[in-house]
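Proteins come first, then strands; the chains are lettered A, B, ... in the order of their sequence lines, and each starts at number 1. None of these values were measured; they are calculated from a predicted model.
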Number of protein chains: 2
Amino acid sequence: MVESSAPRRTRIQLEKRELILEAALEVFSTNGFRGSTIDQIAEAAGMSKPNLLYYFRRKEDIHETLMQRLLDTWLAPLRELDDIGDPLTELRNYIRRKLEMARDFPRESRLFANEILQGAPRIMPMLEGELKTLVDEKANVIKGWMRAGKIARTDPWHLIFSIWATTQHYADFDVQVRAVLGPDRGGDGRFEDAARFLEQLFIDGLKPKN
Amino acid sequence: MVESSAPRRTRIQLEKRELILEAALEVFSTNGFRGSTIDQIAEAAGMSKPNLLYYFRRKEDIHETLMQRLLDTWLAPLRELDDIGDPLTELRNYIRRKLEMARDFPRESRLFANEILQGAPRIMPMLEGELKTLVDEKANVIKGWMRAGKIARTDPWHLIFSIWATTQHYADFDVQVRAVLGPDRGGDGRFEDAARFLEQLFIDGLKPKN
DNA sequence: CAAATTTTTGACCGGTTGGACAAACGTTAG
DNA sequence: CTAACGTTTGTCCAACCGGTCAAAAATTTG
């Protein structure tokens, strides 16, 4: 097999490309793709625009590279959802891991949200392919738990959606969450509060115990 | 009291301004503020760019007007949440109304999401003022229900967040939802499925009944 | 060292964008 | 009819943006 089209990279290439991707993540996630300029990214990366374009020849290339990396790590928690172990515990852990990702990687979450909001023009094939396959697979795992009476019967797909929605909300709508909670409760503790609340919601719902 | 600074408007002014706002909602909600051009909005409204600028002197003025209108209708369901009636029913109705809004006004939802995602630069005062006041007030209503043993004790603020997140998800992440559900289940029925699922989630959680 | 290669930069370009402006057009009231 | 007023448009501009290019600077290689 021939050496494919993957360009060979020097040490500097690798380092600078990382620098640019880090800067681009910051800029893209707060301004969106069209709202961000190459100059902004270059300045955030501490280099001139033509220099940046030496490492990524087009603005879209940066975004694409960023997106490819993101998707792998972003779906890792769902991939880990496994049939071994207690179902309720397994789901609780999935929710916790997703919430930790919203806390630790809010920029990645916003980058993804931005892309989806605008109709996912650049990652549509991946949504209909890789993502759908993964979700269908995990939905079947959850269906098995329901048939075994381990968790209540409900729609597994919408269950997954609701976990995505509630956890990513703390990254994507962070400013709103902090504004509403106020300076007292909007501090670092809000993720622990959210974790406690979500666990209770997903396990027991709102019906009083009696 | 003197006639305040509100400009007087002719019939045509009122009609054309509506036309522009409708077109701008369409364009802004799919491309974001910076991603939208005055030309796009003008074309969607069926007029020339200078003509549009005769009715709104700056691009930002359109966005601001749109945002002000949005916020009133957007928070209406929460305002209706009332102390009269059965708490669980009241919450169930709130969730249903919010989900209907995600179904019937997805553009408004995306416009709002776009603004929050970018750090809410134009509506921050409203989040810390009007919105926080309203949410605090309703959180106290919910707290009353908890004290009375009508619903399980939990964090009312995060409860409200979770309702926002799960319902708006079906507007903001619509393309992802449809891609994952596929052509069979991603059709018009998805909102009924979501309504059923969310009701069960919020009332009973996932713990099996036995 | 010197040659070869990689990296960095300033200057530049064509296209787009938000917005200004004056002139043309249409409408209405006297 | 005509003057006044409201509406529409073609033209123009300065700023911005993505991207090119050639040449300079730095680094690696022999």
Side-chain angles (χ1 to χ4, degrees), chain A residues 3 5-67 111 114-115 118 121-122, chain B residues 3 5-67 111 114-115 118 121-122:
Chain A
E3 181 70 24
S5 61
R8 79 184 52 160
R9 311 219 194 275
T10 69
R11 177 185 51 83
I12 291 185
Q13 290 255 357
L14 292 174
E15 285 174 8
K16 296 274 165 137
R17 282 175 65 94
E18 286 307 311
L19 202 69
I20 291 168
L21 288 172
E22 159 66 24
L25 175 60
E26 185 72 28
V27 175
F28 279 145
S29 67
T30 56
N31 301 111
F33 181 75
R34 288 212 49 186
S36 305
T37 72
I38 299 182
D39 270 313
Q40 282 175 339
I41 301 172
E43 193 194 334
M47 63 181 68
S48 64
K49 180 171 69 168
N51 196 10
L52 182 149
L53 285 167
Y54 170 72
Y55 293 103
F56 291 90
R57 284 165 61 193
R58 294 181 308 143
K59 183 185 174 186
E60 263 203 79
D61 291 349
I62 310 175
H63 191 266
E64 199 183 311
T65 306
L66 224 40
M67 216 46 123
L111 181 68
N114 253 310
E115 176 71 10
Q118 324 243 322
R122 294 167 243 273
Chain B
E3 182 69 24
S5 60
R8 81 183 51 159
R9 310 218 193 275
T10 70
R11 179 182 50 83
I12 291 183
Q13 291 255 355
L14 292 173
E15 284 173 9
K16 297 275 166 131
R17 282 173 66 95
E18 286 308 312
L19 202 69
I20 292 168
L21 289 172
E22 158 65 23
L25 175 59
E26 185 70 30
V27 175
F28 279 145
S29 66
T30 55
N31 301 111
F33 181 75
R34 286 211 52 185
S36 305
T37 72
I38 299 182
D39 270 316
Q40 283 175 339
I41 301 172
E43 193 194 335
M47 64 180 70
S48 65
K49 180 170 71 167
N51 196 9
L52 183 149
L53 286 167
Y54 170 72
Y55 293 103
F56 290 91
R57 284 164 61 192
R58 294 181 310 144
K59 183 184 174 186
E60 260 204 80
D61 292 348
I62 311 176
H63 191 265
E64 199 183 311
T65 306
L66 223 41
M67 216 48 123
L111 182 68
N114 252 310
E115 175 71 10
Q118 324 243 321
R122 293 166 243 273

Could you tell me whether the phosphate oxygens of [N], OP1 or OP2, come under 4.0 Å of any side-chain nitrogen or oxygen in [X]?
X     : N      : answer
A:K16 : C:dT8  : yes
A:Y54 : C:dT8  : no
B:R58 : C:dT17 : no
B:S48 : D:dT8  : no
B:N51 : D:dT7  : no

Interatomic distance, [X] [atom1] vs [N] [atom2] [rounded to whole Å]:
X     : N      : atom1 : atom2 : result
A:R17 : C:dT7  : CZ    : C1'   : 15 Å
A:F56 : C:dT7  : CZ    : C1'   : 15 Å
B:E43 : D:dT8  : CD    : C1'   : 17 Å
B:I38 : C:dA20 : CD1   : C1'   : 12 Å
A:D61 : D:dG18 : CG    : C1'   : 12 Å
A:M47 : C:dG10 : CE    : P     : 14 Å
A:I41 : D:dG19 : CD1   : C1'   : 14 Å
A:I62 : D:dC17 : CD1   : P     : 15 Å

If you only use heavy atoms from C-beta on, which nucleotide in [options] is closest to the side chain of [X]?
X     : options               : value
B:P50 : D:dT7, D:dC17, C:dC21 : C:dC21
A:Y55 : D:dG18, C:dT8, D:dG19 : C:dT8
A:L53 : D:dG18, D:dT9, D:dT20 : D:dT20
A:K59 : D:dT9, D:dG18, C:dT7  : D:dG18
B:Q13 : D:dC21, D:dG10, D:dT7 : D:dT7

**Q.** Check against side chain to side chain contact (heavy atoms under 4.5 Å, CB included), B:Q13 and B:Y54
**A.** CA-CA 10 Å; B:Q13 291 255 355; B:Y54 170 72; 3.7 Å; yes
Q: Quick one: do B:I41 and B:F28 satisfy side chain to side chain contact (heavy atoms under 4.5 Å, CB included)? Show the steps, please.
A: CA-CA 8 Å; B:I41 301 172; B:F28 279 145; 3.8 Å; yes
Q. Near A:Q40 CD, under 6.0 Å, is it more than 12 heavy atoms from other residues, nucleotides or ligands?
A. yes
Q.
Set out, in order, the CA-CA distance, both residues' side-chain angles and the distance that settles side chain to side chain contact (heavy atoms under 4.5 Å, CB included) for A:K49 and A:T37, then state yes or no.
A. CA-CA 10 Å; A:K49 180 171 69 168; A:T37 72; over 6 Å; no
Q) Is A:E64 salt-bridged to A:R122, cutoff N-O under 4.0 Å? A) no
